[in-house]
Amino acid sequence: MPLALLALAIGAFGIGTTEFVMMGLLPNVASDLHTTIPAAGHLVSAYALGVVIGAPLLAALTAKLPRRTVLIGLMVLFVVGNALSAFAPSYDWLLAARVLSGLPHGAFFGVGAVVATGLVAPERKARSVSMMFLGLTIANIIGVPAATLMGQHLGWRATFLAVSAIGLVAIAAIVALVPAIAADPKAAGVRRELAAFRTLPLWLALGTTVVGFGALFAAYSYITPMLTEVAGFSEGSVTILLALFGVGATAGNLLGGRLADRSLQRTLYGGLGALTLVLALFPLLMRAPWSAGLGVVLLGAAAFVTGSPLQLMVMEKAQGAPSLASSANQAAFNLANAGGAWIGGVAIAAGFGYVSPAVAGAGLAVLGLAFAVGAARVDRRARTPFVPVREEARPAHEREAARL
């Protein structure tokens, strides 16, 4: 694998850290800025809003620019957003800075996926994407816990300064390792990029991401009360268990990349099927601490097996606009985050218990599998040419009926 993928992974590590670290810093931020925990929770939503807005917008506007230049520009925006978060004088300023920090997220992964697949042989495309996503999954093992501890001991502002520093390292790595590929004069403009979204298979692929990963977030958003209230873990041990989720996600990501290079469709079907099974078994897995820990690892592995296959599937369905479609897929991941968390919350509010979000997630995984199958079938029909039947090839009784 090219060293350029290391530069992309470093950028993904920084992005993954800043995306998830706010969840562990909410009490510190709320206390320092004299606001409530629910209000501080809007800072998580603000980042997701930035991703949804920035992913398709920035990808479309930079479609004709050199890819390395775009990656550097996106990381500069990332550094600025996190630095402004560190020095935000009030809650409103921090809210705006979090939106700004989220803007480059989707476009970086989208453009990065196009760059990664262009650096390797066709039979290694999925593995190249999984290597970039490796930075995101490792962020859940190392970056988020370390940044959370830093925020608790040195203040939450120090955390965002550290994340900005990671962004600077990523910029240096991109400059040093990613080759300078000239912009394609025939690259699609904004109109052509948007025109690629007129195809049904692409929307079904994006729907697979929203519903399939919504299954993960329906359960993962409420994993802490599951572990403490049902499985019997102490609050202090939850951080270790979440790191185990990162271990499972990393293993699943690498496995999914290798398997998808052999068969993208089968890997996607198998991953969604495995996710359905794991979530359906959660009520049993949460009955004992050892099985609950195993369930957390399996959840991360089953979910992230589908990460790179989903990214590649979306890119294949929009060959005329791979950067925009790939970036839009990142927006779909964030919609999955918001939608899955909402559905899990509805299940708990309805009185079905803390494990009910996992059961709801199993249903979403089944629906995601249906979307994936539908996308494959529609795409297959669209690519199957019409072959007229020659007259002499028809049975005699059909020819006679046609004459009459």
Side-chain angles (χ1 to χ4, degrees), residues 16 19-31 35-45 47-48 137 139-141 144-145 147-149 151-152 156 212-249 275-304 333-365:
E19 179 181 16
F20 293 108
V21 74
M22 182 58 74
M23 300 171 186
L25 297 177
L26 289 183
N28 309 77
V29 173
S31 175
T35 188
T36 64
I37 293 291
H42 293 159
L43 296 169
V44 177
S45 302
Y47 183 91
T137 58
N140 285 282
I141 304 174
V144 174
T148 301
L149 288 174
Q152 292 171 348
W156 61 270
F213 258 75
L216 166 66
F217 288 113
Y220 188 65
S221 300
Y222 304 95
I223 196 67
T224 297
M226 286 188 206
L227 294 171
T228 56
E229 301 297 330
V230 182
F233 284 100
S234 64
E235 292 185 0
S237 59
V238 171
T239 302
I240 298 175
L241 290 165
L242 294 183
L244 288 177
F245 172 85
V247 171
L275 183 59
T276 302
L277 179 61
V278 171
L279 289 170
L281 291 175
F282 247 56
L284 296 176
L285 293 172
M286 287 295 142
R287 290 184 178 181
W290 71 268
S291 58
L294 176 63
V296 170
V297 175
L298 292 176
L299 178 63
F304 278 85
F333 278 120
N334 278 267
L335 290 175
N337 190 340
W342 177 77
I343 291 174
V346 168
I348 294 176
F352 294 115
Y354 285 117
V355 188
S356 60
V359 179
L364 287 175

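Excluded from the calculations below are hydrogen atoms, water molecules and symmetry mates; all remaining heavy atoms, backbone and side chain alike, are included.
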State, to 0.1 Å, how close [X] and [Y] come at their nearest heavy-atom pair, and which atoms those are.
| X | Y | answer |
| --- | --- | --- |
| Ala288 | Ser291 | O-OG, 3.0 Å |
| Pro145 | Ala139 | CD-O, 4.0 Å |
| Ala231 | Pro289 | O-CG, 3.7 Å |
| Ala215 | Ala365 | CB-N, 3.6 Å |
| Leu241 | Leu227 | CD1-CD1, 3.6 Å |
| Leu279 | Ala362 | CD1-N, 3.6 Å |

Step by step, would you call Tyr354 with Met286 a side chain to side chain contact (heavy atoms under 4.5 Å, CB included)? CA-CA 10 Å; Tyr354 285 117; Met286 287 295 142; over 6 Å; no
Within the distance-only criterion (no hydrogens, no angle test), does the side chain of Tyr220 pair as donor or acceptor with the backbone N or O of Ala341 below 3.5 angstrom?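 Here the side-chain-to-backbone pair does not exist.
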Do side-chain atoms of Ser356 reach the backbone of Gly353 as a donor and acceptor pair under 3.5 angstrom?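 Yes.
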Show me the donor-acceptor pairs, under 3.5 Å and distance only, between side chains in residues 296-303 and residues at least two apart or in other chains.
none

Out of curiosity, [X] [atom1] to [Y] [atom2], how far, rounded to the nearest 0.5 Å?
| X | Y | atom1 | atom2 | result |
| --- | --- | --- | --- | --- |
| Ile240 | Phe233 | CD1 | CZ | 10.0 Å |
| Met226 | Leu285 | CE | CG | 11.0 Å |
| Leu275 | Phe213 | CG | CZ | 8.0 Å |

Show, in sequence, the C-alpha distance, side-chain angles and deciding distance for Ile223 and Phe245, and conclude whether the side chain to side chain contact (heavy atoms under 4.5 Å, CB included) test is met. CA-CA 10 Å; Ile223 196 67; Phe245 172 85; over 6 Å; no
